[in-house]
2 protein chains.
Amino acid sequence: METDAALSILTALAHPTRLATFRLLVQHEPDGLSTGQLVEASGLSQSTFSTHLAVLVKAGLVVPEKRGRQQIQRVSIDALRGLMLFLAKDCCEGRAELCEPLLAELACC
Amino acid sequence: METDAALSILTALAHPTRLATFRLLVQHEPDGLSTGQLVEASGLSQSTFSTHLAVLVKAGLVVPEKRGRQQIQRVSIDALRGLMLFLAKDCCEGRAELCEPLLAELACC
DNA sequence: ATAACCCATCGGATAATTCCGATGTATTTC
DNA sequence: GAAATACATCGGAATTATCCGATGGGTTAT
């Protein structure tokens with residue numbers, strides 16, 4: 001993952017509404033949720049939420065799929081993996097002693 | 001990790017200068033770098049960089065240590081682990097099939 | 001003491017983000 | 001075809017972020 005892509009993802013997640021939306025969609029994998037359901041969950045106006053969603057989609061964290069006049073939204077686990085790999089990369093390369101505690105806790109599952 | 005703490009970390013990393021600073025410090029673990037060295041690496045004015053550094057410190061990603069009239073900066077691997085755990089948590093809990101690809105690639109080291 | 005050095009904070013200008021209601025574009029239903 | 005539904009996009013107002021030079025506080029060297 002390039003630095004610009006990582007920055008897009010970090011920026012997308014660095015907002016309460018967008019982070020909550022992302023987490024909600026993770027919990028609803030793999031079915032996803034419609035944009036309308038996400039609007040309702042956000043408590044914001046439809047137009048405001050639409051711009052937030054666009055940020056998530058542009059960053060590649062959320063992938064929309066047309067279904068009639070609705071739009072089903074799903075998260076991209078690939079994008080999340082890319083970000084985590086990017087963040088861990090610098091300590092993984094050549095300094096496994098730093099990376100070890102990272103992985104130890106992630107092995108929870 | 002609480003949502004607010006995760007948001008602070010994400011916001012801190014969602015800026016080119018701050019992300020580059022964080023990565024540079026990871027590469028210089030465990031010795032760290034002085035604030036002056038970081039200022040030079042950033043290419044920004046001293047005052048501007050100081051505010052960026054303060055964001056990283058407030059988020060807990062960077063820990064300063066006084067050394068004479070200098071200030072040595074080091075990253076907190078704990079904070080990074082906390083963020084990664086937070087991001088992975090929602091898919092780890094009860095849906096190991098989502099989490100598996102995350103861990104598979106992180107096992108690079 | 002005085003000067004030099006390192007870094008944080010202040011004041012202020014510019015740019016970006018965030019929010020909303022209103023309007024536009026498809027799609028479905030009647 | 002007309003009305004209704006789902007969502008995106010357009011203006012515009014308010015807030016926040018970003019940047020800088022200048023100043024201040026504390027530490028070391030002369």
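These values consider heavy atoms only, across backbone and side chains, with no hydrogens, waters or symmetry-generated copies.
Spacing between atom CD of B/Glu40 and atom C1' of C/dC7 amounts to 15 Å, rounded to whole angstrom units. Rounded to whole Å, the distance from CG on A/Leu56 to C1' on D/dA8 is 15 Å. Going from atom CD of B/Glu65 over to atom P of C/dC7 covers 13 Å, rounded to whole Å. Atom P of nucleotide C/dA8 and atom NZ of B/Lys58 are separated by 15 Å, given to the nearest angstrom. A/Leu53 places its CG atom 14 Å from the C1' atom of D/dT9, with the value rounded to the nearest Å. Whole-Å rounding puts the A/Leu33 CG to D/dC7 P distance at 11 Å. As a whole-Å value, the separation of A/Gln71 CD from D/dT5 C1' is 14 Å.
Placement of B/Ile77 and A/Leu83 within a single hydrophobic cluster is found when ILVMFWY residues are connected by side-chain heavy-atom separations under 4.5 Å, directly or transitively.
Residue pairs meeting the salt bridge (charged side-chain N to carboxylate O under 4.0 Å, His left out) criterion with at least one member in residues 48-69 of chain B, sequence neighbours excluded: B/Glu65-B/Arg74. Residue pairs meeting the side-chain hydrogen bond (donor to acceptor under 3.5 Å, both in side chains) criterion with at least one partner in residues 31-40 of chain B, sequence neighbours excluded, are B/Ser34-B/Gln37, B/Thr35-B/Gln73. The stretch residues 30-77 of chain A participates, sequence neighbours left out, in these ring pair (Phe, Tyr, Trp, His ring centres under 6.0 Å) pairs: A/His15-A/His52.
For B/Val26, the side-chain contact (heavy atoms from CB on, under 4.5 Å) partners two or more places apart in sequence, or in a different chain, are A/Asp90, A/Cys91, B/Phe22, B/Val75. A search for side-chain contact (heavy atoms from CB on, under 4.5 Å) contacts involving A/Ser8 returns A/Ala59, not counting sequence neighbours.
Using a 4.0 Å heavy-atom criterion, one finds that B/Thr35 contacts the sugar-phosphate atoms exclusively.
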### Query
Tell me, for nucleotides 19-30 of chain D in 5' to 3' order, what letter each nucleotide earns: B for a base near a protein heavy atom under 4.0 Å, S for only sugar-phosphate near one, - for neither?
SBBB----BB--
